[in-house]
> 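There's a structure below that I have some questions on.
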Amino acid sequence: MEITRRTAVTGAAILGAAAAVGLPTTASASGRTAPAAPAPGTVERWGLHEIVLNGPDKGNPFVDVTLAAVFRSGDQRIKVPGFYDGEGTYRIRFSPPQTGAWSWSVESNVRALRKSGRVTVVEPAAGNHGPVQVVPDGYHFVYADGSPYRQIGTTSYSWALQGDEKCAVTLDTLSKAPFNKIRMLVFPNVPAAYTDPFVRTGTEPGAWDPTRFDPAYFRNYERRIAQLLELGIQADVVLYHPYDEDRGYSDMARADDERYVRYVSARFGAYRNVWWSMANEYDGVDSKSVDDWDHLFEVLVAADPHDRLRSIHNANIYYDARKPWITHASVQSAGASMDGLRAHLHRQFALKPVVFDEVAYEGNISERWGQLSGEEMTSRFWNTYVGGTYCGHGETLNPEQKPSISWLGQGGTLNGTSAPRLAFLKQVMEDGPAPGINALQPDWDYEIAGVDNQYFVKYFDDATPTEWAAVLPNGAGLAFKADIIDTWNMTVTPAGTFNMAKVPRGAQDPARPNIELPGKPWIAVRFTKA
């Protein structure tokens, strides 16, 4: 990430402005050379414009100082909260949704911070598609510029909190992997280089001050978000979790929780690749009720003018994804990912996109949730795909058989066999219709997904048929090209072109194609309108 600076507006009060996050002029984490950043005083649409100000450093600025900037362009007015970054430095970050001239003015209870200025927003450069959004009234995702986004996610809880050397390895792994989203905790759950998001007041695990953030900790975390942005990967930022009761970061009082949620929203929310996950396994945080989680979502919505995607992840008790602040359901369910129809039923309940972020993990540990083979991991992605939903990967493979030092815990390298197969699936998804496919007439037990009269996919999972008398839910009178897809060996074999005859309503097509299959598991058949 490179941030372009401009001269102070008045004296030394404003130190600079930043733009074009994700458009570095030097080699990125992936080794690629990115295009030059916009000229000073400009920022790309959906980039990041940063106002930096000098102000008081006495007392407790995290509590004592209020700060926000109002951005205006034509009839648009967007109020963006700011945050204290330590040592008398205050920042306000804005990701402009439209091109053109924008003015801004700072509102604060500190007179010295009340400044104003202007920024010109230019068209986005290649690769900047804007933030991911939910398709209106739909069950899929799309970038703000209309480009399709097909989620192939992974989880590495504390990778962003490791040292630079380990993080560099993780980023290099991600640059070669198919994943376009990664779930990552803000608070550590395994040994890490960065462990204290708040100022410590003693040596005991719970000795810390919830009213004083450690800016260096959050500065490091946002650096990881920016590095993911360079790779085109969404950062699914997990705000709470139940795995560290000794320090109790997830067990704060309501006022401290509110301050924390507002702080991370102001700090991270302008990065266009940020998603919010309120908690991982929220129902394991004993100190919070569903009412508490509802309240924190209301706080987050009010604090986030950029309106990033929002979810919450369950262990055993599903959170009602139909609540208005939830943009998509983040579900833990190994069973639902083993059958396309079961996956589809979750979508019917949520009435929103469903991401099965945890379906167990490919690994070799003693715990049941970390013992999937590569074939099983890949199968769960295909089952959720033909259910019109999305899936999440994770890996616990390591010689010591400890999840804390695996990809799931700390990042590093991938040692499993599923990732190349998920890259193959991603290509199948990208070759298919946008924004995605749906289960077609599932109540009639077709077990076929796609788009009516255009595209069909039938997945046989671990069954080993040698032929299939194709019965499609629609498409009569049309011609379709058939392909046999070996999802494990990553091959596509043409199987001919077939005309689906028109027949009376309710009758089967007497001329339906009889597709010969190889008699081995992990096979799919695809029909594409000819």
Side-chain angles (χ1 to χ4, degrees), residues 56-68 81-86 90 108-109 157-158 161 184-189 192 194-219 221-222 237-269 274 276-305 308 310-317 319-320 323-326 330:
D57 60 357
K58 306 302 181 184
N60 186 353
F62 297 108
V63 176
D64 301 336
V65 177
T66 62
L67 179 68
F83 64 95
Y84 181 57
D85 198 25
Y90 296 78
S108 176
N109 61 348
Y157 287 129
S158 285
L161 307 177
M184 45 198 277
L185 305 177
V186 176
F187 299 149
N189 71 322
Y194 292 84
T195 57
D196 299 317
F198 300 91
V199 173
R200 296 206 61 81
T201 58
T203 58
E204 295 299 314
W208 48 273
D209 183 351
T211 72
R212 293 181 180 271
F213 302 98
D214 181 353
Y217 183 97
F218 292 91
R219 207 173 292 134
Y221 192 94
E222 70 196 18
V237 176
V238 183
L239 301 182
Y240 295 91
H241 66 74
Y243 316 124
D244 189 12
E245 294 180 355
D246 289 342
R247 282 180 288 196
Y249 296 139
S250 294
D251 301 318
M252 291 182 284
R254 173 165 285 196
D256 298 323
D257 279 329
E258 292 172 345
R259 186 183 308 106
Y260 162 63
V261 168
R262 292 184 181 114
Y263 186 78
V264 294
S265 177
R267 233 191 136 122
F268 305 151
V274 161
W276 301 118
S277 176
M278 184 60 73
N280 201 70
E281 297 190 336
Y282 82 93
D283 44 323
V285 181
D286 295 334
S287 61
K288 288 180 170 56
S289 67
V290 172
D291 287 342
D292 291 324
W293 295 119
D294 289 352
H295 174 72
L296 289 177
F297 270 115
E298 291 173 333
V299 172
L300 177 60
V301 170
D304 177 19
R308 301 309 188 208
R310 297 176 297 271
S311 69
I312 189 168
H313 180 78
N314 66 286
N316 300 306
I317 303 172
Y319 183 91
D320 186 356
K323 293 181 177 180
W325 40 78
I326 299 294
S330 173

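Everything numeric here is computed off the predicted structure, so don't read it as measured data.
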> Indicate the atoms forming the closest heavy-atom contact of Val237 with Phe268, along with that distance.
CG1-CD1, 4.5 Å
> I'd like to know whether CD of Glu258 has more than 12 heavy-atom contacts from other residues, nucleotides or ligands below 6.0 angstrom.
yes
> Can you confirm whether Val186 sits close enough to Tyr221 that some side-chain heavy atom of one is under 4.5 Å from a side-chain heavy atom of the other?
yes
> If every non-hydrogen atom of Ser250 is compared with every non-hydrogen atom of Ser287, which pair is closest and at what distance?
O-OG, 3.6 Å
> Is there a side-chain contact between Val65 and Tyr84 (heavy atoms, below 4.5 Å)?
no
> Give the minimum heavy-atom separation between Arg247 and Pro205, together with the two atoms involved.
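Where Arg247 meets Pro205 most closely, the heavy atoms are CG-O, 3.1 Å.
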> Do the side chains of Asp64 and Lys58 get nearer than 4.5 Å, heavy atoms only?
no
> Using atom types as modelled and distance alone, determine if a side-chain donor or acceptor of Ser330 lies under 3.5 Å from a backbone N or O of Ser311.
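No: the side chain of Ser330 does not pair with the backbone of Ser311.
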> What class does the angle between the rings of Tyr263 and Phe218 fall in, given that below 30° is parallel, 30 to 60° is tilted and above 60° is perpendicular?
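Ring orientation, 0 to 90° scale: perpendicular.
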> Anything under 30° is parallel, anything over 60° is perpendicular, the rest tilted; go ahead and classify Phe62 against Phe213.
perpendicular
> How long is the span from the OH atom in Tyr260 to the CG atom in Leu296, to the nearest 0.5 Å?
10.0 Å
> Which heavy atom in Pro81 sits nearest to a heavy atom in Ala303, and how many Å separate them?
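Smallest interatomic distance, heavy atoms only, reads CG-O, 3.7 Å.
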> How would you list, by chain and number, every residue that makes a side-chain hydrogen bond (donor to acceptor under 3.5 Å, both in side chains) with Asp257, sequence neighbours excluded?
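With neighbours one apart ignored, the set is Tyr240, Lys288.
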> Look at the aromatic rings of Tyr249 and Phe198 and report parallel, tilted or perpendicular, splitting at 30° and 60°.
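Tilted.
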> With a 4.5 Å cut-off on side-chain heavy atoms, are Trp325 and Asp294 touching?
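Contact flag for Asp294/Trp325 side chains = yes.
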> From Asp209 CG over to Asn60 CG, what is the distance, rounded to the nearest 0.5 angstrom?
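Going from CG on Asp209 over to CG on Asn60, the span is 7.0 Å.
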> So which atom in Leu185 and which in Leu161 form the shortest heavy-atom distance, rounded to 0.1 Å?
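Closest heavy-atom pair between Leu185 and Leu161: O-CD1, 4.3 Å.
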> State the CE-OH distance between Met184 and Tyr157, to the nearest 0.5 angstrom.
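Taking CE in Met184 and OH in Tyr157, the distance rounds to 13.5 Å.
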> Mind listing the closest non-hydrogen atom pair of Pro188 and Tyr217 along with its distance?
CD-OH, 3.2 Å
> Do the non-hydrogen side-chain atoms of Leu300 and Met278 ever get within less than 4.5 Å of each other?
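Yes; the side chains approach each other to less than 4.5 Å.
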> Should the pair Asp214-Arg200 be classified as a salt bridge under the 4.0 Å nitrogen-to-oxygen rule?
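Not counted as a salt bridge, because no side-chain N and carboxylate O are separated by less than 4.0 Å.
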> Output yes when a side-chain donor or acceptor of His241 lies under 3.5 Å from a complementary backbone atom of Phe187, and no otherwise.
yes
> For the OH atom of Tyr90 and the CG atom of Leu67, what is their distance to the nearest 0.5 Å?
8.0 Å
> Answer yes or no: is there a side-chain heavy-atom contact under 4.5 Å between Pro242 and Asp286?
no
